[in-house]
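Below: one structure, written as structure tokens.
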Amino acid sequence: MRVSHVPALPEDVTAVVAAIRAMQGEPPVLPADADLTPHLPDLGTWVTAPEGAGRPGVVLYVHGGGFEYANPGLERIVAYRLSQVARRPALRVEYRLAPAHPYPAALDDVLAVYRGLIDRGVAASEIILAGESAGATLLLSAVQVLRDAGDALPAGVVAISPQTDLTLSSLSIEVNDGKDFVGRAILDHVRTQYLAGAPADRGPQSPLHGKLSGLPPLLLVVGSAEVMLDDSLRFAEAADAAGVSVALDVYEGMPHAFHATMLPATPLPVATTLSHQINEWIFRD
């Protein structure tokens, strides 16, 4: 397993926190050169940056929001940035949301879109799965289902700040309490709304508790100040022990949702590093 610790200055953390709070009031504007033309209809929202135009494959993006919320404006920005770094069109999955649609509705929707891409001729080897928070959780669940069903697996998964243990047993939930935008009460609410009675100690809904062997290569990204830090650390260690190719990037001092600062026009230093790290991992061979 490859582990990287990405340093940050105190002013970097301050800038990230301020940027995240500012986005809550006024989402950034999508760049004018973004192409929103659907490449394959009826699968979701397409966003292609110039760097991704005319290239094979898809980066399949699954947004966060505690399985309960969506922010299409901000998510299109993230999809644009992913299209840039992955050098292919980005497809944002519009999955059903809890509590009206609890587990496994969102997971079923992610699987349906992935299989829809395959059915329409996109090679699995050209698909990168990328998501943050709840979206990253859904992707780590999805690859377990795909493996068990014998589906062709994607080239890799970029999982940013996933919640992998829905039993809420990670020590960092207590250690990082007060350092993050998220706390135990929020995690408990998310778990209750999403699972709606499904067990928290089993896969695929709780990815850490599923079978991890045979998964595609994984890039796990997390901030050291996140309450879900140990969800990434524990999952990375378990997947590595199961023989999966794992890279783990820990961004020092960063809170949950720090990836949202990957703004195309004025990215913060940590966002520039994050984009570079994702790009390097995708094109590592």
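Everything numeric in this text was worked out from a predicted model, so none of it was measured. Both backbone and side-chain heavy atoms feed into the values below; hydrogens, waters and symmetry mates do not.
With a 4.5 Å cut-off on side-chain heavy atoms, Leu215 and Leu153 do not count as touching. Ser133 places none of its side-chain heavy atoms less than 4.5 Å from the side chain of Phe67. Contact of the Asn279 side chain with the Gln84 side chain is not registered, since no non-hydrogen atoms from C-beta on lie closer than 4.5 Å. Annotation: side chain of Met228 is not in contact with side chain of Val222 (no heavy-atom distance under 4.5 Å). No side-chain heavy atom of Lys179 sits under 4.5 Å from any side-chain heavy atom of Val227. Annotation: side chain of Gln144 is in contact with side chain of Pro207 (closest heavy-atom distance under 4.5 Å). Between Leu140 and Thr164 the shortest side-chain heavy-atom distance falls below 4.5 Å. Between Tyr103 and Leu166 the shortest side-chain heavy-atom distance does not fall below 4.5 Å.
Between the side chains of Gln277 and Asp249, at least one donor N or O lies within less than 3.5 Å of an accepting N or O. Defined by atom type and a distance below 3.5 Å, a donor-acceptor pair is missing between the side-chain atoms of Gln205 and Tyr194. Arg234 and Ser170 are linked by a side-chain donor-acceptor pair at a separation below 3.5 angstrom, with hydrogens and angles left out of the test. For the 3.5 Å distance criterion, the side chains of Asp119 and Tyr114 fail to qualify, holding no donor opposite an acceptor. A donor-acceptor pair shorter than 3.5 Å cannot be found between the side chains of Glu94 and His63.
Among pairs with a residue in residues 1-41, those fulfilling ring-ring contact (aromatic ring centres under 6.0 Å, His included) read His39-Trp46, at least two apart in sequence or across chains. The stretch residues 147-159 participates, sequence neighbours left out, in these side chain to side chain donor-acceptor pair (under 3.5 Å) pairs: Arg115-Asp151. Residue pairs satisfying the ring-ring contact (aromatic ring centres under 6.0 Å, His included) criterion with at least one member in residues 198-256, sequence neighbours excluded, are listed as follows: Tyr251-Phe258.
Contact detail for Arg76 and Leu30: the closest heavy-atom pair is O-CD1, 3.7 Å. Contact between Pro255 and Val17 at its shortest, heavy atoms only, is CG-CG2, 4.2 Å. Of all non-hydrogen atoms in Ala236 and Val246, the two that sit nearest each other are CB-CG1, 3.9 Å. Pro216 and Pro154 get closest at one heavy-atom pair: CB-O, 3.5 Å. Contact between Pro89 and Gly57 at its shortest, heavy atoms only, is CD-O, 3.4 Å. Smallest separation of non-hydrogen atoms from Ala225 and Gly253: CB-O, 3.7 Å.
For Asp35 (side chain) and Thr48 (main-chain N/O), no donor-acceptor pair under 3.5 Å exists by modelled atom type. In this structure a side-chain-to-backbone donor-acceptor pair under 3.5 Å is present from Thr137 to Gln163.
Here the CG-CG distance, from Leu219 to Leu129, works out to 12.5 Å after rounding to the nearest 0.5 Å. Note that the CG atom of Leu220 and the CG atom of Leu248 stand 6.0 Å from one another [nearest 0.5 Å]. To the nearest 0.5 Å, atoms CG (Asn176) and OG (Ser224) are separated by 7.0 Å.
Checked for salt-bridge contact, Arg92 and Glu75 meet the test: a charged N lies under 4.0 Å from a carboxylate O. Using a 4.0 Å cut-off between charged nitrogen and carboxylate oxygen, Glu51 and Arg88 do not count as a salt-bridge pair.
In this structure, Leu9 stands alone, with no Ile, Leu, Val, Met, Phe, Trp or Tyr side-chain heavy atom under 4.5 Å from its own, directly or through other members. Other residues sharing a hydrophobic cluster with Leu171 under the 4.5 Å side-chain heavy-atom criterion for ILVMFWY residues are Val175.
Residues meeting the salt bridge (Lys or Arg N to Asp or Glu O under 4.0 Å) test with Glu280, sequence neighbours left out: none.
No option in Val143, Leu138, Val145 other than Val145 meets the side chain to side chain contact (heavy atoms under 4.5 Å, CB included) test with Leu111.
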